[in-house]
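Note: hydrogens, waters and symmetry copies are ignored here, and every other heavy atom, side chains too, is used.
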Amino acid sequence: MKKILAAALCATLLLGASSAMAADINFVTAGTSSTFYPISATICQLWNDSIEGMRATATPSGGGIDNLNQAYDGEAQIGIANANLVYQAQEGLASFEGYANENIRIFAGLYLNPNQVVVTKDSGIETLEDLIGKHISVGAAGSTTVDEAAIHLGLMGKTLEDMKTEYMGTSESADAISNKQLDGVWVMAGTPNAAVTQIMTTTDSKILPIPEETVEALKVDCPWYASYVIPAGTYTGQDEDVPTSAVKLTLFITADVDEETVYQMTKTFWENWDMLTETHAALKKADPKEACNDVAGVPIHEGAARYYREIGLME
C-alpha cells in the first residue's frame, strides 16, 4: 500500500513539474502582410523546437497599441512595440490613460527608428523652427509620425496647427513632394526608407538635422528618445551625416511569464541570431549589444536580465 501511495505521489510530482515547465506564449506583432509577422512565426517555431514544453504561437494584430492592450487583457504574453508605447502602457499615459500595466517588462530592445524630416531645398527650411507656416505632411491620421511631429513642435511651444499640415501616408507624401505640392514630409522609419529614397532621388531635397541638444530636451518629458545619426551616403545627395532623434523598437513581455522560461527564450533568441538575420533581413538593423539600451527605463524581465548578465550586457 505504501509503495502504491509513493508511486502515486511521485507521478503527481512529475506531472506538476511537467506542467510548470510548459509555457503557452502568444506572440503578437502586426498584420500578416507586415515585415515583422513572419519574423515572429520563425521565432515561435525556434522556441517550440528548442525549449521543452514551449507552445508559442504567432498571432496577427493591429500593431503596437493593440499588442499592449492584449497584454493588459492577458491575451498576449510577448509582443512588439516602440519604446514610447511600452513606457506609456506601463505608466497609463496617452492611449493607455486609466489602464496602467505594471506587469509590462522588456524582453529585448531591437533597433532604433529615426525621425527623417525631408524638405525641399527651395522651401528655405533649415531647422525645425522653420517648419512653422510651411506645407508639411506628417503621415496618415493616427500614425506614429503624427505624434512625433506634435511632440517635436511642442518643444518649441507650437502645434500641428502652426503648419499647413497634411495627413498623408508616406508613399502618397513622397509623390506629392516630388510633384511640388509639399514643402516637406515627416517620416519615422528605419533607414534607408523607400519614400525618403524616392524624394531624395527625384527632387532637390535634404534631411533636417535634429541636434543632440534637442533630443536631450525631448527626454525631459519623453524618456524614450535616443540620439541617432543617419550616415552620409544613406540617400542620394546626402553627403554628410545627419543627426536626428529616434525611438527604439522593442519586444516586451509580461512579468507573469516565469523567470526560467524567459531566460530560455532570451538565450535561444540571441544564440540563433545569425540564422534569424539570414532568414529575415529586417533584423540586421538590430545590434545585440544594444539590447538593454534606450528602452525608456522600463524594467527588463528578470529572466532576460539573467541572460544579459551572463553575456556582460548588464551588471
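- Between T35 atom OG1 and I80 atom CD1 the span is 9.5 Å, to the nearest 0.5 Å.
- Shortest non-hydrogen contact noted between T29 and F36 is CG2-CD2, 3.7 Å.
- A single hydrophobic cluster is not seen to contain both I136 and V187; linkage of ILVMFWY side chains at heavy-atom distances under 4.5 Å, directly or through other members, places them apart.
- Across L112 and S227, no two heavy atoms sit closer than the pair CD1-O, 4.3 Å.
- Nearest heavy atoms, V138 versus T145: O-OG1, 2.8 Å.
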When you look at V247 and Y87, which way does the side chain to side chain contact (heavy atoms under 4.5 Å, CB included) test go after all the steps?
CA-CA 12 Å; V247 178; Y87 176 88; over 6 Å; no
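- Interatomic distance, CG of D294 versus CD1 of I106, reported as 11.0 Å (0.5 Å rounding).
- You'll find the side chain of F252 stays beyond 4.5 Å of the side chain of V298, heavy atoms only.
- When hydrophobic clusters are built by joining Ile, Leu, Val, Met, Phe, Trp and Tyr residues whose side-chain heavy atoms come closer than 4.5 Å, directly or via intermediates, W224 is grouped together with V295.
- Atom CD1 of residue I125 and atom OG1 of residue T120 lie 6.5 Å apart, to the nearest 0.5 angstrom.
- Contact detail for G62 and D66: the closest heavy-atom pair is N-OD2, 2.8 Å.
- With respect to K158 and E129, no salt bridge is recorded, no charged nitrogen being found less than 4.0 Å from a carboxylate O.
- Side chain of T203 to main chain of M200: no donor-acceptor pair is present (N/O by atom type, distance under 3.5 Å, no hydrogens or angles).
- Between the side chain of K134 and the backbone N or O of V119 there is no donor-acceptor pair closer than 3.5 Å.
- Side chains of S178 and Q198 form a contact here, defined as non-hydrogen atoms less than 4.5 Å apart.
- Note on L251: it clusters hydrophobically with I300, by side-chain heavy-atom contacts below 4.5 Å among ILVMFWY residues.
- In this structure, the side chain of D241 engages the main chain of A232 through a donor-acceptor pair within 3.5 Å.
- D162 places no side-chain N or O within donor-acceptor distance of the main-chain N or O of I132, the cut-off being under 3.5 Å.
- At a threshold of 4.5 Å between non-hydrogen side-chain atoms, the residues T191 and Y228 count as touching.
- Between F269 and Y307 the shortest side-chain heavy-atom distance does not fall below 4.5 Å.
- The two residues Y235 and P192 come nearest to each other via the heavy atoms OH-CA, 3.4 Å.
- Using a cut-off of 4.0 Å between Lys/Arg side-chain N and Asp/Glu carboxylate O, K219 and E212 are scored as not salt-bridged.
- At least one donor-acceptor pair closer than 3.5 Å links the side chain of T244 to the backbone N or O of N115.
- Heavy atoms from other residues, nucleotides or ligands lying under 6.0 Å from CD of E240 number 12 at most.
- Proximity of T214 to S245: side-chain heavy atoms (C-beta onward) are nowhere separated by under 4.5 Å.
- No donor-acceptor pair closer than 3.5 Å links the side chain of E216 to the backbone N or O of P211.
- Side-chain contact between T266 and H301: absent, with no pair of heavy atoms (C-beta onward) separated by less than 4.5 Å.
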Under the side chain to side chain contact (heavy atoms under 4.5 Å, CB included) criterion, do L85 and Q88 qualify, and how do the steps go?
CA-CA 5 Å; L85 295 178; Q88 290 165 352; 3.7 Å; yes
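- Distance check: M275 CE to H280 NE2 gives 7.5 Å after rounding to the nearest 0.5 Å.
- Although no hydrogens or angles enter the test, the distance criterion places no donor-acceptor pair under 3.5 Å between the side chain of E102 and the main chain of I104.
- Ring-plane geometry between Y72 and Y99 is classed as perpendicular, the angle between the planes exceeding 60 degrees on a 0 to 90 degree scale with a lower cut at 30.
- E148 and Y225 are linked by a side-chain donor-acceptor pair at a separation below 3.5 angstrom, with hydrogens and angles left out of the test.
- In terms of modelled atom types and a separation under 3.5 Å, the side chain of N26 and the main chain of E75 share a donor-acceptor contact.
- Side-chain atoms of N82 never come within 3.5 Å of backbone atoms of N84 as a donor-acceptor pair (strictly under, hydrogens ignored).
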Would you check, one step at a time, whether the test side chain to side chain contact (heavy atoms under 4.5 Å, CB included) holds for Q90 with N101?
CA-CA 5 Å; Q90 184 194 47; N101 188 354; 5.9 Å; no
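- With values rounded to the nearest 0.5 angstrom, T254 atom OG1 is found 12.0 Å from Q70 atom CD.
- For the pair M265/M54, a side-chain contact is recorded, criterion being any heavy-atom separation below 4.5 Å from C-beta on.
- Residues Q45 and D49 bring a donor and an acceptor atom of their side chains to less than 3.5 Å of each other.
- Note on F27 and I65: same hydrophobic cluster, where clusters join Ile, Leu, Val, Met, Phe, Trp and Tyr whose side-chain heavy atoms are under 4.5 Å apart, directly or indirectly.
- In terms of heavy-atom proximity, A189 sits nearest to Q116 at O-NE2, 2.8 Å.
- No more than 12 heavy atoms of other residues, nucleotides or ligands lie within 6.0 Å of NZ in K164, so this atom counts as exposed by the packing criterion.
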Hey, mind stepping through Y111 and D287 against side chain to side chain contact (heavy atoms under 4.5 Å, CB included) and telling me if it holds?
CA-CA 7 Å; Y111 51 82; D287 182 354; over 6 Å; no
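- Rounding to the nearest 0.5 angstrom, the gap separating the CG atom in L68 from the CZ atom in F96 is 4.5 Å.
- Using a 4.5 Å heavy-atom threshold, the side chains of L153 and L160 count as touching.
- A donor-acceptor pair is defined here as one N or O able to donate and one able to accept, closer than 3.5 Å; such a pair exists between the side chain of S61 and the backbone of G63.
- Residues I43 and Y37 are members of separate hydrophobic clusters, defined by side-chain heavy-atom contacts under 4.5 angstrom among Ile, Leu, Val, Met, Phe, Trp and Tyr.
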